[in-house]
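Here the structure is a predicted model, which is why all the values come from computation and not from measurement. Throughout, protein chains are lettered first and strands after them, A, B, ... in sequence-line order, and every chain is numbered starting at 1.
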Number of protein chains: 2
Amino acid sequence: MSDNVGKGGRGDVDRRVRRSRLAAREALIELILEKGYEAVTVTDIIDRADIGRTTFYAHFTDKQAVLFSNLEELSDMLRLSPGSRPGTLFSFSLPLFEHAQEHRRLVRALLGRRGGPTVLARGERLLAAIVRDELLAALPPGRVPPASLDLVATCVVGAVMALLRKWADGELTATPAEMDAAFRAVVTPGVSAMLNGGLLRGDEHGEVL
Amino acid sequence: MSDNVGKGGRGDVDRRVRRSRLAAREALIELILEKGYEAVTVTDIIDRADIGRTTFYAHFTDKQAVLFSNLEELSDMLRLSPGSRPGTLFSFSLPLFEHAQEHRRLVRALLGRRGGPTVLARGERLLAAIVRDELLAALPPGRVPPASLDLVATCVVGAVMALLRKWADGELTATPAEMDAAFRAVVTPGVSAMLNGGLLRGDEHGEVL
DNA sequence: CATTTATCAGAACAGATTGTTCGGAAACAG
DNA sequence: CTGTTTCCGAACAATCTGTTCTGATAAATG
């Protein structure tokens with residue numbers, strides 16, 4: 001059950017299996033976009049995918065398992081091109097938004113308002129790891145990582161994900177370049193100041209300028 | 001049904017009604033913290049709250065209705081003290097985090113990982129309105145609101161909500177003051193630069209525009 | 001081509017959840 | 001005390017879930 005690829009371990013899965021699984025995944029995406037994740041039932045999926053109930057439960061344990069199966073496709077997308085021009089913070093941003101546009105349909109189903117919360121959480125964790133690494137890498141050599149590094153990373157991830165979500169839902173019309181520019185303009189000055197200069201002396205939350 | 005307070009419109013609701021509704025709300029919170037929102041069933045609620053099935057559906061249409069009923073308590077909490085010392089951006093931040101700590105249990109149930117996504121969306125909208133107003137107010141007189149104001153507001157809201165969520169889930173241990181400081185340190189420099197200086201000319205690595 | 005093997009469909013199933021309806025008991029208000 | 005409102009308990013149809021059968025069918029193998 002669940003996700004076993006089969007005996008060979010290779011990509012040489014039975015053609016029927018591939019067909020059934022793919023049908024279920026695509027059916028779920030369509031249905032999410034139509035009704036929202038919560039409202040989709042297993043019965044809906046097998047009806048739309050035109051597969052038997054038995055077949056479904058032979059490959060997936062849950063509705064959620066199908067979702068995760070789809071998520072891998074998306075997470076492969078995220079794990080691309082670190083780019084990493086060395087003086088540039090958050091170089092993942094632009095490629096991320098660009099690829100999101102190419103796979104907009106999928107992104108919308110998974111990350112959008114109609115998508116499930118679990119996927120969002122997983123996406124956040126994924127991105128958080130990337131951001132954390134970049135922050136550590138961008139730290140001037142010799143500096144100890146500030147205690148508030150987690151806080152900063154959380155802010156950054158939150159900002160990116162918020163942009164991505166609102167864009168996927170159509171509440172935001174912007175090109176990838178615009179979103180990248182806005183994100184970077186908001187976040188980069190503060191972050192690099194913290195990395196190079198003092199971390200966060202309370203600057204007694206008074207005048208911020 | 002649903003949410004009518006009664007004839008008087010005052011707080012003079014029947015004691016039995018008050019009792020039943022409160023019992024349902026508190027039961028839901030407990031159950032969310034135990035099992036997560038999705039897993040909670042109406043049967044669970046009425047069992048825990050010790051009210052009849054009929055009674056439940058007499059007061060709430062849905063599981064979600066109970067959730068929203070709880071949300072009002074929280075949203076009242078957010079709609080406090082604009083503070084608004086006039087040169088200070090995002091003055092809502094510290095009070096927000098402080099009040100979140102006071103009502104941590106509620107915040108965790110509603111906004112945390114085990115909470116429902118709908119509430120989160122509503123909370124975001126609420127916060128987005130506040131942020132938008134503050135951005136417009138902080139704009140130097142005469143300047144036209146940049147086209148990317150929505151993008152910026154989205155980033156800011158995303159950062160705050162991300163902090164709040166991770167903190168509620170216990171994945172982040174920080175005092176309200178620390179969270180406020182981190183949030184402000186990350187976001188404020190970039191935002192005020194955009195408001196006062198040029199909007200988003202892509203400071204090097206972008207050539208956006 | 002024939003055989004063996006694994007996958008598939010269809011139906012039927014128990015269990016759980018939802019939202020509704022009924023009659024009678026209890027709490028409330030005047 | 002009397003009439004009204006709310007509550008409870010039970011029972012209900014409808015839906016969804018996850019499992020289990022049996023027979024059909026497609027694929028891999030010799």
Could you check how far CG of A:Asp47 sits from P of D:dT15, rounded to whole Å? 14 Å
Please state how far atom CG in A:Leu22 lies from atom P in C:dC8, giving the value in whole angstrom units. 13 Å
From NE2 of A:His59 across to P of D:dG18 the rounded distance in Å is 16 Å
Using the side-chain heavy atoms of A:Ser20, tell me which of these nucleotides is nearest: D:dG18, C:dC8, C:dC28. C:dC8
Is any side-chain N or O of A:Arg16 under 3.5 Å from a base N or O of D:dA27, one able to act as donor and the other as acceptor? no
If you check every side-chain atom of A:Thr54, which of C:dG19, D:dC16, C:dA9 has the closest atom? C:dA9
Checking contacts here: which listed nucleotide (D:dG18, C:dA9, C:dT7) is nearest the side-chain heavy atoms of A:Val17? C:dT7
Do the side chain of A:Arg53 and the base of D:dG18 come within less than 3.5 angstrom through a donor-acceptor pair of N or O atoms? yes
How long is the line joining CD1 of A:Ile46 and C1' of C:dA12, in whole Å? 14 Å
Can you figure out which of D:dA28, D:dC7, C:dC8 approaches the side chain of A:Arg15 most closely? D:dA28
Salt bridge present between A:Glu124 and B:Arg165 (N-O < 4.0 angstrom): yes
Map B:Lys63 and A:Arg19 onto DNA chain C by nearest heavy atom, then report which one ends up closer to the 5' terminus. A:Arg19
Assess whether a salt bridge exists between A:Asp44 and A:Lys35, defined as any Lys/Arg side-chain N lying under 4.0 Å from an Asp/Glu carboxylate O. yes
How many whole angstroms separate atom CD of B:Gln64 from atom C1' of C:dT18? 15 Å
Inspect the contact between A:Asp150 and A:Arg132 and indicate whether a charged nitrogen and a carboxylate oxygen are less than 4.0 angstrom apart. yes
When rounded to whole Å, the CD1 to P distance for the pair A:Ile51 and D:dA26 reads 17 Å
Comparing nearest nucleotides in DNA chain C, the 5'-proximal residue of the pair B:Val42, A:Phe56 is A:Phe56
Taking the six-membered ring of A:Tyr37, is NZ or CZ of A:Arg114 closer than 6.0 Å to its centre and within 45° of its axis? no
Gap between atoms OH and C1', on B:Tyr57 and C:dT17 respectively (whole Å): 8 Å
Do the rings of B:Phe183 and B:Phe90 sit parallel, tilted or perpendicular, given the 30° and 60° boundaries? tilted
So B:Asp50, base contact, sugar-phosphate only, or nothing? Heavy-atom distance under 4.0 Å. sugar-phosphate
For B:Phe60 and D:dT6, what is the distance between atoms CZ and P respectively, to the nearest whole Å? 14 Å
Give the nucleotide from the list D:dT5, C:dT20, D:dC16 with an atom nearest to the side chain of A:Thr43. D:dC16
